[in-house]
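Just so it is clear, the model here is predicted, and its values are computed rather than measured. Chain A is the first sequence line, chain B the second, and so forth, proteins listed ahead of strands; every chain is numbered from 1.
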Amino acid sequence: MPAYWLFKSEPNTWSWDQHVAAGTAEWDGVRNHQAKNHMIAMKRGDQGMFYHSGKDKQVVGVVRVAKTYYPDPTDKTGKFGMVDLEVVRTLKSPVTLAQIKAEPRLSDMVLVRNTRLSVQPVEPAEWKIVLAMAK
DNA sequence: GCCAACGTTGGC
DNA sequence: GCCAACGTTGGC
């Protein structure tokens, strides 16, 4: 059973378009222990939603874990690592934060409850609902 | 541009 | 080891 995740990115820093162009990219720069622990728990083949924070505030694509947790060379302290994420597909119609907040069955999503966490687990039921909303 | 939430730092 | 001060994230 693959697990599901959500990866948050500020499009000015790293956008979905950039990730699509790259195909597979390192998810570096995470400096939060909760987010780090989620990445440690990831297995190859796990899927994730790619969420744009900031002006966009919507889920725009689906990615897959292509490489499990390994050290992040951009972290000089050596405490943090990263995973590699491969593009699966772009959502036909992005699912906005407003739509997610308006859906009662998604009221427990970490995205709603803990807005600042950049890497989050997603429940299988939540995953299904969000992707159904994306058509 | 503001501010709430929350993580981190540093003084004691 | 506690906690106040501070910085950052991210929604509004």
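Nearest nucleotide to the A/His33 side chain, out of C/dG11, C/dG7, B/dT8: B/dT8. Nearest to the side-chain atoms of A/Gln34 among the listed nucleotides C/dG10, C/dC12, B/dG7 stands B/dG7.
For the pair A/Lys8 NZ and C/dT9 C1', the computed distance is 8 Å after rounding to whole Å. Atom pair A/Phe80:CZ and B/dG7:P shows a separation of 12 Å (rounding to whole Å applied). In this structure, A/Phe7 places its CZ atom 19 Å from C1' of C/dG10, rounding to the nearest Å. As rounded to whole Å, 15 Å separates atom P of B/dG7 from atom NZ of A/Lys79. At whole-Å resolution of the value, CZ in A/Arg31 and C1' in B/dG7 are 15 Å apart. Rounded to whole angstrom, the span from the NZ atom of A/Lys36 across to the C1' atom of B/dG7 amounts to 15 Å. Residue A/Arg116 contributes atom CZ, which lies 11 Å from atom P of B/dA5 at whole-angstrom precision. The interatomic distance linking A/Tyr51 (OH) with C/dG10 (P) rounds to 9 Å, in whole Å.
In this structure, A/Phe50 has its ring center at least 6.0 angstrom away from the ring center of A/Trp14.
A/Lys101 comes within 4.0 angstrom of the backbone, heavy atoms only, and of no base.
Under 4.0 angstrom from either OP1 or OP2 of C/dG10 there lies no side-chain N or O belonging to A/Lys57.
Using modelled atom types, one finds no donor on one side chain facing an acceptor on the other under 3.5 Å when comparing A/Ser53 with A/Arg116.
Annotation: the span from A/Glu26 atom CD to A/Lys67 atom NZ amounts to 7.5 Å, rounded to 0.5 Å.
A/Gln120 places a side-chain N or O within donor-acceptor distance of the main-chain N or O of A/Leu111, the cut-off being under 3.5 Å.
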